[in-house]
J.: 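Structure provided below as structure tokens; questions to follow.
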Amino acid sequence: ADGVSSMTGTEPSAVIRIGRLRLASVYGATPPPLKMPVEAQYWTGLSWIKNADDGCTPLANANFLMTPAGWTLSAPAKLAGGSGVISLTPTGPGQIVVCADLGPDNGVTCTATTSAALPWLQSKWPGGASYNNDPSAVATFGVFSPEGKRGVYNREMY
């Protein structure tokens with residue numbers, strides 16, 4: 001129907017994986033900026049692992065929403081080896097939630113200036129009932145003690 005009568009040549013083989021984009025929470029005291037890890041992952045049947053073959057997923061500053069606003073955000077232009085880093089420069093001590101707007105949401109709302117239009121990287125994040133929710137993470141600067149100082153049981157001997 002399209003008028004093509006024959007096709008010649010070959011297509012290169014490519015591994016196609018459908019997975020999710022994950023943002024990791026980050027804490028920092030000094031000096032800024034905070035480095036928030038971003039990772040493309042896929043399901044192996046047992047666990048989520050980094051998709052080291054992903055070197056082309058595009059991300060822009062306008063694809064992220066910070067709540068409350070005010071900090072400076074710098075996103076990687078694209079992932080390299082399945083990973084990237086979002087640089088966050090705080091205006092002072094505090095905490096924000098960063099989310100990536102990948103497409104229409106179902107349960108978890110993240111509406112950035114511009115959607116990344118990557119709905120296949122959404123997943124079933126807390127607050128959502130299905131696998132079409134945008135990822136989010138918390139960035140904390142200079143407010144709480146690091147996780148390493150927290151403990152279930154501490155005993156001191158004198």
Side-chain angles (χ1 to χ4, degrees), residues 12-151:
S13 62
V15 177
I16 305 295
R17 296 185 178 116
I18 296 176
R20 68 181 186 177
L21 189 72
R22 181 178 183 269
L23 305 179
S25 293
V26 64
Y27 168 87
T30 57
L34 298 175
K35 304 290 186 181
M36 178 178 280
V38 181
E39 190 173 87
Q41 299 178 332
Y42 70 94
W43 183 252
T44 65
L46 298 174
S47 64
W48 290 99
I49 65 169
K50 179 172 74 169
N51 184 0
D53 294 326
D54 188 337
C56 61
T57 296
L59 297 171
N61 293 351
N63 302 146
F64 294 91
L65 175 68
M66 293 183 290
T67 308
W71 291 18
T72 303
L73 181 144
S74 178
K78 64 180 181 177
L79 298 181
S83 302
V85 173
I86 298 170
S87 293
L88 297 164
T89 305
T91 54
Q95 186 175 37
I96 63 165
V97 176
V98 177
C99 67
D101 187 355
L102 302 176
D105 302 309
N106 184 24
V108 179
T109 303
C110 178
T111 308
T113 305
T114 305
S115 174
L118 303 169
W120 53 88
L121 291 176
Q122 292 177 316
S123 190
K124 188 176 181 181
W125 297 108
S130 59
Y131 291 88
N132 57 354
N133 290 291
D134 293 326
S136 65
V138 176
T140 305
F141 179 73
V143 177
F144 307 107
S145 64
E147 292 293 324
K149 291 187 178 180
R150 293 184 183 172

J.: Distance from Met36 atom CE to Ile96 atom CD1, nearest 0.5 Å?
T.: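 Separation between the atoms: 6.5 Å.
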J.: Taking Ala117's backbone N and O only, do any of them form a donor-acceptor pair with Ser115's side chain (distance below 3.5 Å, no angle check)?
T.: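 A pair under 3.5 Å: yes.
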J.: Please examine the side chains of Arg20 and Trp125, heavy atoms only from C-beta on, and report whether any two atoms are closer than 4.5 Å.
T.: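 When only atoms from C-beta onward are counted, Arg20 and Trp125 do touch, with a gap below 4.5 Å.
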J.: Identify the two heavy atoms, one from Gln122 and one from Gly103, that lie closest to each other, and give their separation to 0.1 Å.
T.: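 Of all heavy-atom pairs spanning Gln122 and Gly103, the closest is NE2-O, 3.3 Å.
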J.: What are the two closest non-hydrogen atoms of Phe64 and Ala100, and how far apart are they?
T.: CE2-CB, 3.6 Å
J.: Identify the two heavy atoms, one from Ser87 and one from Pro33, that lie closest to each other, and give their separation to 0.1 Å.
T.: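 Minimum heavy-atom contact is CB-CB, 4.4 Å.
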J.: Could you give the distance from CE (Met66) to OG1 (Thr72), rounded to the nearest 0.5 Å?
T.: 7.0 Å
J.: Mark yes or no for whether Ser136, through its side chain, and Cys99, through its backbone, hold a donor-acceptor pair below 3.5 Å.
T.: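 A pair under 3.5 Å: no.
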J.: If you measure only the distance, is there a donor-acceptor pair under 3.5 Å linking the side chains of Lys124 and Ser130?
T.: no
J.: May I ask you to test the Thr114-Asn63 pair for a side-chain heavy-atom distance under 4.5 Å?
T.: yes
J.: Would you give the length of the straight line joining atom SG of Cys110 to atom CG of Leu102, rounded to the nearest 0.5 angstrom?
T.: 7.5 Å
J.: Could you give the distance from CH2 (Trp48) to CZ (Arg22), rounded to the nearest 0.5 Å?
T.: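 Trp48 CH2 to Arg22 CZ: 11.5 Å, rounded to 0.5 Å.
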J.: Can you tell me how far the CG atom of Leu118 sits from the CG atom of Leu21, to the nearest 0.5 Å?
T.: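 It is 8.0 Å, given to the nearest 0.5 Å.
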J.: Below 4.5 Å, heavy atoms only, C-beta onward: do Leu34 and Trp71 meet side chain to side chain?
T.: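 A side-chain contact under 4.5 Å exists here.
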J.: Side chains of Leu65 and Asp101, heavy atoms from C-beta outward: is any pair under 4.5 Å?
T.: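 No, too far: nothing below the 4.5 Å cut-off.
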J.: Could you check if a side-chain atom of Val85 sits within less than 4.5 angstrom of a side-chain atom of Pro76, using non-hydrogen atoms only?
T.: no
J.: Give a yes or no answer on whether the side chain of Asp53 reaches the backbone of Gly55 with a donor-acceptor pair at less than 3.5 Å.
T.: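 No; zero donor-acceptor contacts below 3.5 Å.
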J.: What is the distance from atom CD of Gln41 to atom CG of Leu121, rounded to the nearest 0.5 Å?
T.: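 One gets 10.5 Å once the value is rounded to the nearest 0.5 Å.
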